[in-house]
Amino acid sequence: MQSSQRYLHIAVATPLRRTFSYLPPTGIADEQLQPGQRLWVPFGRQRRVGMLLGLSDHTDVAAAKLKPVQGLIDDTPLFTGAQLDLLKWASDYYQHPIGEVIATCLPAELRHGKAATISATYGWQYAAGDPARRPDRRAPRQAELLALFEQQPEAVLTASDLSAAGHDNCHGPLRALAERGWIRRARVDAPQAAPAELETPLPLNAAQQVALEAISASLGGYRTHLLDGVTGSGKTEVYLQSVAEVLARGQQALILLPEIGLTPQLVRRFERRFGTRLGVLHSGLTDSDRANTWLRARAGEVDVVLGTRSAVWTPLAHPGLIIVDEEHDLSYKQQDGFRYHARDVAIMRGHRESLPVVLGSATPALESLHNADQDRYTHLSLPQRAGSARSPAVHVLDIRQSHMHGAIADRFMNMLRDNLAAGRQSLLFLNRRGYAPVVMCHDCGWKAECRRCETTMTYHHGRARLACHHCGREQPRPSTCPDCQGTLIEVGHGTERLEETLAKQLPDARIIRIDRDSTRGRGNLEALLESAHGGAADILVGTQMLAKGHHFPGVSLVGILEADGGLFSSDFRALEHLAQLIVQVSGRAGRAEHPGEVVIQTHHPEHALLRTLTEHGYGAFAQAALREREQLELPPYSYLALLRAEAKQLQHVSQFLEQARDCLPRQAEVYALGPVPAPRPRRAGFQRQQLLLQAGDRTHLRRILGNWLQDVEQLTSSKKVRWSIDVDPQELG
DNA sequence: CAAGTATTACCG
DNA sequence: GGTAATACTTGA
């Protein structure tokens, strides 16, 4: 009797929305094959890493096409069944091919087939070299590095230690130093040196105690808590003590942050509290560090994992709790490829793995507040902590017909002048970097535009160049109009120009500008923030970056110079984001004895929701905004999916989207809007359009999407465009 | 006609 | 996405 043939169903990292059937590898018993293992598979003409998803006695594929697996990578599964189920759910929910979903969730080394073993990390250690071959004046970087090693001759410093110390890309100088015998390669032994003294927990106030008790009581089962508390209300201490409870139960905790680079203080607080039990995942790590932390968490060797969006996929041997800090932050939504939302994945993961999830924010997303209102989440509020900064007073400044000094209205300039005279700091927020967003000919009206994007190019004074903020293209600024040789003028104001205006109007003020241009390079942001803290600046000027993470107790006057964009945007979420920004920026300033003032410059001081925000606070704003969303049937009262497409030729794009729309099932309770031009209709030489699907019911939308996209994929017009589907889009652009 | 390049098909 | 076969340019 011949035993029935077994078929392996395997995911491969490819944009194809299906799995592939293979024959078992020769010489491997069926019992050795388990879902979750990686294996080498022949794929087309290549050899690729595949992930075994299942085994069965049937396949729809013709026997002639089947090939045997070439070999196993993992003897035991890399993922548990529960983890695979989460990945399959994500693939289905976000309508992204399973192979790519798995690939984006794996650290690069494992994605490329490296064995799942925790490797020793290597670094460099001081060695007494030949004094005659000491790096001299010609090798300043080597000398700098050598000085660092000499300070701690016993220490083994890894690439990430060095980059933390401000030495990036020092591979070359290190090799040279090693060549001269001044340092040598050395293994880092696991628990490095003696663990520093760990900080002890701080006493909690009543509200923090209530929150901690609610979270603790829910350990061991699924529950989502919305921890709603302004800056300085002590959210972090609640996180820290909840995590400590999880560790005491022998379990692990996962903490997600929007951007680690912007919140070094928070990371350090976790380090001080948990020492070597903490693993941090961030973009500055080498692939090998990243894979090691991931594998350590999976093996239960690391108990607390702190990371950004992609850390939500880190496997945990004994998962106990997930925390999503600043849950409203847009960076949790991946904006290309596999467009998942880490906060929503965290909640689904908590649900499936039976663990509580804590969403923390001073300005929760409207979706999250709605879920709390519906009692799907526990709403935990932390009021202002006694003795900490009081909320600053918020003023809406009507700048209609005002005399302007650049981006600053006359009245506000006077406030800045007074604040400066009083010896206090001010913070100005303008979400546009560069000098001026438009360069125009005063004689003929010609504008400097990006050829590929049809948007105006921003003038950067520092570099004396024009840059397109959409595609990154740069070119020198012409001195005269290329059409008529007329005079060129700068129109509009960016942070660079704002800095210049301030320097002219307030010549005594010391100004620090913080944006992507001024903080290029590692450590620069921290250095600038430090000097701002140390009182080296009277006025801080910056973009979005200023609103995140850092608190400036010395600041008593905050200006949001351009609020109008958020009031009347085509994106329905713009107002929510503006409100969050206003509250977040306000929270950056002030101290107990001087709560400070926030000024919002606008041409629309009568805007009802803006008034609600400034007069009654974020909670009242959110409720009013939710009522508006309900009337307009927008999320969270409806569910959206966005089909985007781009191609060099507009007609290919519109033809594809029209055909896609026509593939939608009739009478389905899903409404298609479009195709319409994308908010940025041209980018990098591509024409972009989109088709928005709206449904009143989430399961309805989900059911339709799968079959629909299969049809869409079959369209011949789909091959002439680049298309993608975005489920729960955050930005309709 | 060779060489370069856009288009298409396919991956088990 | 990657690869390769095919169809279709271009230039001596």
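When reading the values below, keep in mind they use all heavy atoms of this one structure, side chains included, and skip hydrogens, waters and symmetry mates. Reminder, nothing fancy here: chain letters follow the sequence lines and each chain counts from 1.
Atom CZ in A:Phe20 sits roughly 11 Å away from atom C1' in C:dG1 (whole-Å rounding). Computed from coordinates, the A:Arg47 CZ to B:dG12 C1' distance equals 18 Å when rounded to whole Å. As rounded to whole Å, 18 Å separates atom C1' of B:dG12 from atom CE of A:Met51. Rounded to a whole Å, the CD atom of A:Glu713 is 12 Å from the C1' atom of B:dC10. Between the CZ atom of A:Phe338 and the P atom of C:dG1 there is a distance of 17 Å, given to the nearest Å. Atom CG in A:Leu39 sits about 15 Å away from atom P in B:dG12, given to the nearest Å. Note: CZ (A:Arg45) to C1' (C:dA4) measures 6 Å, nearest angstrom. Rounded to whole angstrom, the span from the CG atom of A:Asp60 across to the P atom of B:dC11 amounts to 15 Å.
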Test A:Gln334 against A:Arg309 for side chain to side chain donor-acceptor pair (under 3.5 Å), laying out the working first. CA-CA 8 Å; A:Gln334 178 134 321; A:Arg309 179 177 61 228; 3.1 Å; yes
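When the nucleotides B:dT8, B:dC11, C:dT3 are ranked by their closest atom to the side chain of A:Gln46, C:dT3 comes out on top.
A side chain to side chain contact (heavy atoms under 4.5 Å, CB included) with A:Tyr639 holds for exactly one of A:Val727, A:Leu693, A:Leu701, A:Asp697; it is A:Leu701.
No donor-acceptor distance shorter than 3.5 angstrom exists from the side chain of A:Ser718 to the backbone of A:Phe656, with no hydrogens or angles considered. Of the possible donor and acceptor atoms, one in the side chain of A:Ser331 sits under 3.5 Å from a partner among the backbone N and O of A:Pro258.
For B:dC11, the OP1/OP2 oxygens have a side-chain nitrogen or oxygen of A:Lys65 closer than 4.0 Å. At least one side-chain nitrogen or oxygen of A:Lys67 sits closer than 4.0 Å to the OP1 or OP2 atom of B:dG12.
Across all strands shown, A:Thr59 has no heavy atoms under 4.0 Å from either base or sugar-phosphate atoms. A:Leu16 comes within 4.0 angstrom of a base, heavy atoms only. Residue-level contact check: A:Tyr22 touches the backbone only, with heavy atoms under 4.0 Å from sugar-phosphate atoms and none from bases.
Salt bridge annotation for A:Glu367-A:Arg343: absent, with no cationic side-chain nitrogen under 4.0 angstrom from a carboxylate oxygen.
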